[in-house]
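Inspection log for the structure reproduced underneath, given as structure tokens.
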Amino acid sequence: RNRNCSAFDFKHTFTSYGNCYTFNAEQELFASQAGSGNGLELTLNVQQDKYLQGIEDQEAGFRVLTHTKDESPALMVDSLGFAVAPGTKNFVGVSMKKVVNLDRPYNSLGCKSSGGSLNYLDSKYTAFNCLLECFADLT
């Protein structure tokens, strides 16, 4: 509680939405209590004039996504992230739910919770990344 964050607490990734900053990617920080005053609190500046110069009628804002350390936000933010508008104050409660997929014949795609291999992604195997590769095979 009451610990100030710095740039070292965030890991940078580039996604289709632009810059992505993952908090707690390299550490094991956690909140000791639930409630709005006990979690991560951020003040963000969208700085729209710095990255959309000369383009009219563009949207501005942020996408928020919670994910494990093994999952790439660049692959998930489009489908699983949620939007936060600039100029607003938002309170978001999150919880982790672990899903364990059964092996074949119960899982027709063949995706497992862990221990599989990926053909296209340069990322650690997760069930979500396996599904992304299945969709890539369909296109």
Side-chain angles (χ1 to χ4, degrees):
R1 184 163 166 103
N2 296 329
R3 179 184 175 274
N4 289 328
C5 297
S6 73
F8 298 109
D9 294 312
F10 295 85
K11 180 180 175 185
H12 179 262
T13 310
F14 197 76
T15 72
S16 60
Y17 280 89
N19 291 310
C20 175
Y21 296 93
T22 300
F23 176 74
N24 207 14
E26 309 290 335
Q27 305 169 64
E28 291 293 330
L29 302 174
F30 60 92
S32 58
Q33 281 184 295
S36 63
N38 298 309
L40 178 64
E41 183 177 321
L42 298 172
T43 301
L44 303 172
N45 183 351
V46 74
Q47 295 181 325
Q48 185 176 9
D49 60 319
K50 295 200 177 189
Y51 63 93
L52 295 175
Q53 293 178 358
I55 300 174
E56 308 249 347
D57 197 31
Q58 288 290 319
E59 296 177 7
F62 304 96
R63 299 273 304 173
V64 177
L65 170 71
T66 56
H67 60 90
T68 66
K69 294 175 187 280
D70 298 331
E71 295 170 316
S72 170
L75 303 172
M76 303 168 63
V77 72
D78 293 342
S79 57
L80 300 176
F82 62 91
V84 175
T88 63
K89 188 171 190 174
N90 298 274
F91 293 94
V92 178
V94 295
S95 62
M96 176 74 81
K97 184 177 196 177
K98 183 174 183 177
V99 176
V100 177
N101 295 317
L102 297 174
D103 292 337
R104 286 185 177 165
Y106 304 103
N107 179 350
S108 63
L109 293 176
C111 292
K112 301 182 265 184
S113 294
S114 63
S117 61
L118 300 172
N119 296 319
Y120 312 120
L121 300 173
D122 186 23
S123 182
K124 187 170 180 180
Y125 183 94
T126 65
F128 183 82
N129 288 347
C130 177
L131 288 173
L132 286 175
E133 290 211 347
C134 289
F135 291 134
D137 285 336
L138 294 174
T139 58

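Everything numeric in this text was worked out from a predicted model, so none of it was measured.
Atoms CZ and CG, on Phe62 and Asn19 in that order, are 11.0 Å from each other to the nearest 0.5 Å. The line from NZ of Lys89 to CD of Glu41 is 6.5 Å long, rounded to the nearest 0.5 Å. For the atom pair NE2 (His12) and OG1 (Thr22), the distance works out to 9.5 Å, reported to the nearest 0.5 Å. Atom-to-atom distance recorded for Leu40:CG and Asp9:CG is 9.5 Å, nearest 0.5 angstrom.
Minimum heavy-atom separation, Asn90 to Ala85: ND2-O, 4.4 Å. Heavy atoms only, all atoms of each residue included: Phe10 and Leu42 are closest at CZ-CD2, 3.9 Å. The two residues Gly61 and Pro86 make their nearest non-hydrogen contact at CA-CD, 3.6 Å.
Take Asn119 and apply the side chain to side chain contact (heavy atoms under 4.5 Å, CB included) test, not counting sequence neighbours, and it matches Glu133. Partners of Phe82 under the side chain to side chain contact (heavy atoms under 4.5 Å, CB included) rule, at least two apart in sequence or in another chain, are Val64, Val84, Val92.
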